[in-house]
There are 2 protein chains.
Amino acid sequence: MTYSIKDVSERTGLSIYTLRYYDKQGLLPFVARNSAGYREFTDGDLLLLHTICCLKNTGMKISDIRRYIDFVMEGPSSVAHRRALLESHRAAVQKQLVLVRNNLKEIDAKLAIYSAPDAAAKVSQELQAAVGEKTRLGLANTFEKASAA
Amino acid sequence: MTYSIKDVSERTGLSIYTLRYYDKQGLLPFVARNSAGYREFTDGDLLLLHTICCLKNTGMKISDIRRYIDFVMEGPSSVAHRRALLESHRAAVQKQLVLVRNNLKEIDAKLAIYSAPDAAAKVSQELQAAVGEKTRLGLANTFEKASAA
DNA sequence: CTAAACCCTCGACCTCACTCGAGGGCAAGC
DNA sequence: GCTTGCCCTCGAGTGAGGTCGAGGGTTTAG
């Protein structure tokens, strides 16, 4: 049993255009063609494509995914290279996760202010502080409209 | 005390080009200019810019950050709108975090294989399964080079 | 008074990751 | 044998998010 590009598109959520684009970028050298030149995906191909999606979803660039796939196509001898590549990607993703979590905490702090019963008062206070600072420094009041409201 | 665009660039890690680009996109309407037309950032401006960075780092589009800043410039009356925008962004980020964590787990599983003492054997086995599948289905062996190695 | 080191705008250019249309081939049903 | 619905390649186009150079004004130190 093999899958047409349309089947694969439906299973993965990637558009047919994207699949062809990935192939063009060298991400799918393992996909065989039939006599008419049509791509025929096997279950094994879907597994590899799934790995590609994991790498893409965690923010790896196409060109780096391509390097990984090139290693896979080289066979077992490239295991050390594959490992190094994934290890370094893993570190980058971890770092990014920490950043996002910290930034999300700050957004939550903002949300706490906006959700409090005295939100308008707190926001007004912040605004007045900012306006005061501009005035004190002899700058134009860029919050004109806001302080009028 | 105010900060030049260069100062702000050094403090935030954003390039001067990026800061000017953000201004052009309407993200920095609160930054005042001096008589020469130079931007003068206050401490309050840096706080707002920090919020912008939090939104950007968590993947918010420039146009949505702009919507948020537009609300801020509207004053306290827009608190409900700000809250709705951040709330929906928060949900998107949470969803994205879950996806990334799950995909990272799969990458870790790959890494476990590549790091095991019998990595080469396991990888060879996977490869042979894929090659066998192609053969069984009457497809070309796209792993030619790998299985030769 | 001049050189160095800033600052400005404007518009062109770049990368990335698609997205799409044109032009054409194949395969099944009526 | 013709329509419908797939499939293909190639190359152009899109949108987001910058990045940069040209041309020109400002500020500061010598």
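Heavy atoms only: backbone and side chains are in, while hydrogens, waters and symmetry mates are out. Convention: sequence-line order gives letters A, B, ...; per-chain numbering from 1.
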State whether A:R39 places a side-chain N or O below 4.0 Å from either non-bridging phosphate oxygen (OP1 or OP2) of D:dC8.
-> yes
Are OP1 or OP2 of D:dG18 and a side-chain N or O of B:S15 less than 4.0 angstrom apart?
-> no
Given DNA chain D, 5'-ward residue of the pair B:S63 and B:A36, judged by closest heavy atom | B:S63
Mapping A:Y17 and A:Y38 to their closest nucleotides on DNA chain C, which lands nearer the 5' end?
-> A:Y17
With a 4.5 Å heavy-atom cut-off, do A:R90 and A:L86 have their side chains touching?
-> no
Check DNA chain D against residues 20-33 of chain B and give the residues with a non-hydrogen atom under 4.0 Å, in numerical order.
-> B:Y21, B:Y22
When the distance from OH of B:Y3 to C1' of C:dC6 is rounded to whole Å, what number comes out?
-> 19 Å
Between A:H81 and A:F71, what is the ring plane arrangement, given parallel below 30°, perpendicular above 60°, and tilted in between?
-> parallel
Here the distance between atom P of C:dA17 and atom CG of A:L14, to the nearest Å, is 14 Å
Can you check the B:I65 CD1 to D:dG18 C1' distance for me, whole Å?
-> 13 Å
Rounded to the nearest angstrom, tell me the gap between atom CD1 in B:I62 and atom C1' in D:dT19.
-> 14 Å
Heavy-atom distance under 4.5 Å between the side chains of A:I65 and A:T51, does that happen here?
-> no
Please state how far atom CZ in A:F41 lies from atom C1' in D:dC8, giving the value in whole angstrom units.
-> 13 Å
Is atom CD of B:E87 surrounded by more than 12 heavy atoms (other residues, nucleotides or ligands) closer than 6.0 Å?
-> yes
For A:S4 and D:dC7, is the shortest distance between a side-chain N/O and OP1 or OP2 below 4.0 Å?
-> yes
In terms of heavy-atom contacts, does CD of A:Q25 have more than 12 from other residues, nucleotides or ligands at under 6.0 Å?
-> yes
Heavy atoms, side chains only, cut-off 4.5 Å: are A:L14 and A:L49 in contact?
-> yes
Check whether any side-chain nitrogen or oxygen of A:T18 sits under 4.0 Å from OP1 or OP2 of C:dT19, and answer yes or no.
-> yes
Kindly point out which of C:dC18, D:dC6, C:dC7 is positioned nearest to the side chain of B:I5?
-> C:dC7
Determine the minimum heavy-atom distance between A:K134 and A:F143, stating which atoms define it.
-> CE-CE1, 3.9 Å
Integer-rounded Å distance: D:dC8 P and A:E40 CD = 10 Å
A:N57 atom CG is separated from C:dA17 atom P, nearest whole Å, by 13 Å
Rounded to the Å, how far apart are A:K6 NZ and D:dG5 P?
-> 10 Å
